[in-house]
Student: 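One structure is given below, represented as structure tokens, and several questions about it will come after.
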Amino acid sequence: MTDFTPRSDFLSVLQERGFIHQCSDMAGLDALAVKGEAIGYIGFDCTAPSLHVGSLVQIMMLHWLQQTGNKAIALMGGGTTMVGDPSGRDETRRILTVEDIQSNKRGIFSVFSRFLNFGDGPRDAITIDNAEWLTTLNWIEMLRDVGRHFSVNRMLSMDSVRMRLERDQEMSFIEFNYMILQAYDFTVLARRLGCNLQMGGSDQWGNIVNGIDLGRRMGTHQLYAVTTPLITTASGAKMGKTAAGAIWLNADQMPPYGYWQFWRNTEDADVARFLKLFTTLPMGEIARLAALQGAEINAAKITLATEATALLHGREAAEAAAETARKTFEEGTLASDLPTIEVSGAEIAAGLGLLSAFVKAGIVPSTGEARRQIKSGGLRLNDAIVSDERAALVAGDFNADGIAKLSMGKKKHVLLKRV
RNA sequence: GGGGGAAUGUCCCGAGCGGCAAAGGGGGCGGACUGUAAAUCCGCUGGCUAAGCCUUCGCAGGUUCGAGUCCUGCUUCCCCCA
């Protein structure tokens, strides 16, 4: 961003932590935030049962908005999800059923309570679903009150539309309307709740500015926009897509240990940036951690992992994950809260093959894959490399507590528990 | 409505004279080197009761000893004309 020096805590924090990609009017917004009068919202799609790390920057922004004495609104896109945002997509989104959207909404909301304090007080965060007003809209009224303010010429020139047209890709009318609905949301929130700020990812800039524009034409108070940069890793990959798939925020889809590991494996070059964005550690502490060199930077990664996990899953779960990792990687001993799979004594007595055991543990998808991994020396039983693909588990492979450890590579470990 | 083109290994892109478990990438996984990092190098990347068997090239039939490849019909998508 520019050299503007904000006076408000809100914009100061966002600026020094690297949240700001674009802002419609820093000075104007700053003046509101100084008085604690910024009322900002971010819309969240309900296309999946859980948000993933990609939305975390946005959530952190709402968190800071509230922490710095302003009001935060989490808008659930129950209505807009029925339409589908074409931004950043080169294909039409799958149309979800209303039931799917409802259950997705519940899953997503469970995450917000970790980052925001909800309630009825003036500084409490609130959540609201745009289905509330979008589903009852009257087509003719909508055209007269809102549609007249939109220029199709300009809509056609928007990135999300233009790209589709240039590539000769289909864009349905329903998607074409998405930006109108999002702009309309902004004005509804402005009128109902006094909302004056919309935040979002950089891909939302066009949609947000449309909302500001519509607000002006429809006579709301002045509205503002802030967008975050697209967060990629230093090697250019999008955040949150890894080997195993997306990094979900809901614990049932990504347990705290896995979440901790995700942050622990951050690239060197990303550590400082991520500490600023995804933890609430003071800037001084972050500067100290960022100065670490070479192998010492691992200490910073551990802090990053624990702090980020604590924000989402609580301090206790984060410490437990850190301890599990310490035992597993530094001591090479058994940590009891690694993922555990139970097997019956009878099954073992019958001669459970190692190949099947690895499949059962969910480490490999098929025995074929297990065989391949054995050939390249990737599988281990109790830390000993498995070389015989015909081997079977025997009683001696289990320790006194009836536990055997199966591993693939350095990072994947699963315990087998005999019951 | 008329004419033309496309669909391939269930991650993606993409070659494929009738003998094909099917070239090559990307991505991913494992190994070496390291620091649970990056970069680099090597290997692997349909399933199984595994020297064998089974299932894959949009769907359904057909020709053939043998079909991803040829023929017929269908579905979906794209382009041009109206």
Side-chain angles (χ1 to χ4, degrees), chain A residues 52 89-92 94-95 164-172 232-247 257-275 289-306 308-309 321-333 335 338-339 347 350-381 383-392 405-414:
Chain A
H52 54 78
R89 287 289 177 135
D90 46 13
E91 278 172 37
T92 305
R94 186 168 73 91
I95 305 263
R164 290 278 193 90
L165 294 179
E166 279 173 1
R167 295 191 207 160
D168 281 330
Q169 277 161 340
E170 179 81 8
M171 172 150 199
S172 70
T232 54
T233 68
S235 359
K238 252 190 200 165
M239 272 281 288
K241 302 280 186 202
T242 67
I247 303 297
Y257 178 72
Y259 190 73
W260 193 93
Q261 282 295 328
F262 167 74
W263 293 106
R264 172 64 243 264
N265 286 311
T266 298
E267 293 176 33
D268 287 10
D270 290 327
V271 173
R273 195 159 51 101
F274 286 3
L275 279 167
L289 290 168
L292 296 175
Q293 292 299 317
E296 288 188 338
I297 204 167
N298 282 323
K301 291 185 188 180
I302 290 170
T303 305
L304 168 63
T306 304
T309 306
E323 179 60 12
T324 298
R326 197 184 63 78
K327 280 186 183 163
T328 308
F329 287 96
E330 292 176 27
E331 294 178 7
T333 54
L338 282 173
E347 206 171 349
L352 178 61
L354 260 183
L355 295 178
S356 320
F358 275 96
V359 175
K360 202 176 174 61
I363 292 178
V364 290
S366 66
T367 58
E369 177 63 18
R371 284 171 214 271
R372 283 191 288 271
Q373 289 296 348
I374 286 174
K375 280 201 191 88
S376 52
L379 295 188
R380 277 164 295 138
L381 167 62
D383 297 318
I385 293 178
V386 177
S387 53
D388 178 11
E389 61 179 51
R390 290 168 190 278
K405 181 166 81 165
L406 301 181
S407 316
M408 178 166 85
K410 291 173 196 149
K411 299 175 188 174
K412 269 182 215 152
H413 306 280
V414 173

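Given the structure is predicted, the values throughout are model-derived calculations rather than measurements. Chain letters run A, B, ... following the sequence lines, proteins first and then strands; every chain starts at 1. Computed from heavy atoms alone, side chains included, the values below leave out hydrogens, waters and symmetry copies.
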Student: If we call it a pair only when both distances are under 3.5 Å in a Watson-Crick or G-U wobble match, what pairs with B:C70?
Tutor: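 B:G62 is the nucleotide pairing with B:C70.
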Student: Hunt down the Watson-Crick or G-U wobble partner of B:C44, both distances under 3.5 Å, from any strand shown, or write none.
Tutor: B:G28
Student: Donor-acceptor check, side chain of A:Ser366 to backbone of A:Glu369, threshold 3.5 angstrom: yes or no?
Tutor: yes
Student: Identify the nucleotide, in any strand shown, that forms a Watson-Crick or G-U wobble pair with B:A7, with both distances under 3.5 Å; if there is none, say none.
Tutor: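 For B:A7, the partner nucleotide comes out as B:U75, under the 3.5 Å rule.
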Student: Using modelled atom types and a 3.5 Å cut-off, is there a donor and acceptor pairing between side-chain atoms of A:Thr328 and backbone atoms of A:Thr324?
Tutor: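 Indeed, once roles are kept as given, a pair shorter than 3.5 Å links the two residues.
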Student: Quantified in whole Å, what is the C1' atom distance between nucleotide B:G58 and nucleotide B:C54?
Tutor: 22 Å
Student: Give the C-alpha distance, both sets of side-chain angles, the deciding distance and a yes or no for side chain to side chain contact (heavy atoms under 4.5 Å, CB included) between A:Lys327 and A:Leu338.
Tutor: CA-CA 10 Å; A:Lys327 280 186 183 163; A:Leu338 282 173; over 6 Å; no
Student: Please state the P separation for the pair B:A38 and B:G31 - nearest whole angstrom.
Tutor: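 Straight-line distance between the two P atoms is 13 Å.
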Student: Taking O4'-C1'-N9-C4 for purines and O4'-C1'-N1-C2 for pyrimidines, is B:C20 syn (within 90° of 0) or anti?
Tutor: syn
Student: Measure from CG on A:Leu355 to P on B:U49 and round the result to the nearest Å.
Tutor: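 Rounding to the nearest Å, CG of A:Leu355 and P of B:U49 are 8 Å apart.
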Student: Tell which nucleotide pairs with B:C20, taking only Watson-Crick or G-U wobble pairs whose two distances are both under 3.5 angstrom.
Tutor: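 Partner of B:C20: none found under 3.5 Å.
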Student: How close or far is atom P of B:G28 from atom CZ of A:Arg372, stated in whole angstroms?
Tutor: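 Checked: the CZ to P distance equals 18 Å.
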Student: Rounding to the closest angstrom, what is the interatomic distance between B:C20 and B:G1 at atom P?
Tutor: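 Between the two P atoms, the distance is 43 Å.
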Student: For the pair A:Lys360 and A:Glu347, find out whether any cationic side-chain nitrogen is under 4.0 Å from an anionic carboxylate oxygen.
Tutor: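 Yes, charged N to carboxylate O under 4.0 Å.
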Student: Pick out which of A:Gln373, A:Arg371, A:Lys375 makes a side-chain hydrogen bond (donor to acceptor under 3.5 Å, both in side chains) with A:Glu389.
Tutor: A:Arg371
Student: Rounded to the nearest Å, what distance is computed from the CZ atom of residue A:Arg371 to the P atom of nucleotide B:G47?
Tutor: 11 Å
Student: Which value, in whole Å, describes the distance between the C1' atoms of nucleotides B:A7 and B:G14?
Tutor: 13 Å
Student: When rounded to the nearest Å, what value does the distance between P atoms of B:U72 and B:G28 take?
Tutor: 44 Å
Student: Going from CG on A:Asp270 to CG on A:Leu275, what distance comes out if it is rounded to the nearest 0.5 angstrom?
Tutor: 10.5 Å
Student: Could you state the CD1-C1' distance from A:Ile374 to B:G43, rounded to the nearest angstrom?
Tutor: 15 Å
Student: Pick the C1' atom in B:U64 and in B:G4, then give their distance to the nearest Å.
Tutor: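 The answer is 30 Å between these two C1' atoms.
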Student: Using atom CZ of A:Phe274 as one end and atom P of B:A38 as the other, report the distance to the nearest whole Å.
Tutor: 12 Å
Student: Applying salt bridge (charged side-chain N to carboxylate O under 4.0 Å, His left out), name anything that partners A:Glu296, two or more places apart in sequence or on another chain.
Tutor: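 Per chain and number, A:Glu296 pairs via salt bridge (charged side-chain N to carboxylate O under 4.0 Å, His left out) with no residue.
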Student: Base, backbone or nothing for each nucleotide of nucleotides 30-37 of chain B, written B, S, -, heavy atoms under 4.0 angstrom, 5' to 3'?
Tutor: SS-BBBBB
Student: Taking the same atom, C1', in B:G46 and in B:U63, what whole-Å distance lies between them?
Tutor: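 Rounded to whole Å, the distance is 29 Å.
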Student: Rounded off to whole Å, could you give me the CD-to-P distance for the A:Glu369 and B:A50 pair?
Tutor: 19 Å
Student: First locate atom NZ of A:Lys412, then atom NZ of A:Lys410, and finally report the distance between them rounded to the nearest 0.5 Å.
Tutor: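 Atom-to-atom, A:Lys412:NZ and A:Lys410:NZ are 13.5 Å apart.
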Student: Between B:A51 and B:C59, how far apart are the two P atoms, rounded to whole Å?
Tutor: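 Looking at atom P only, B:A51 and B:C59 are 31 Å apart.
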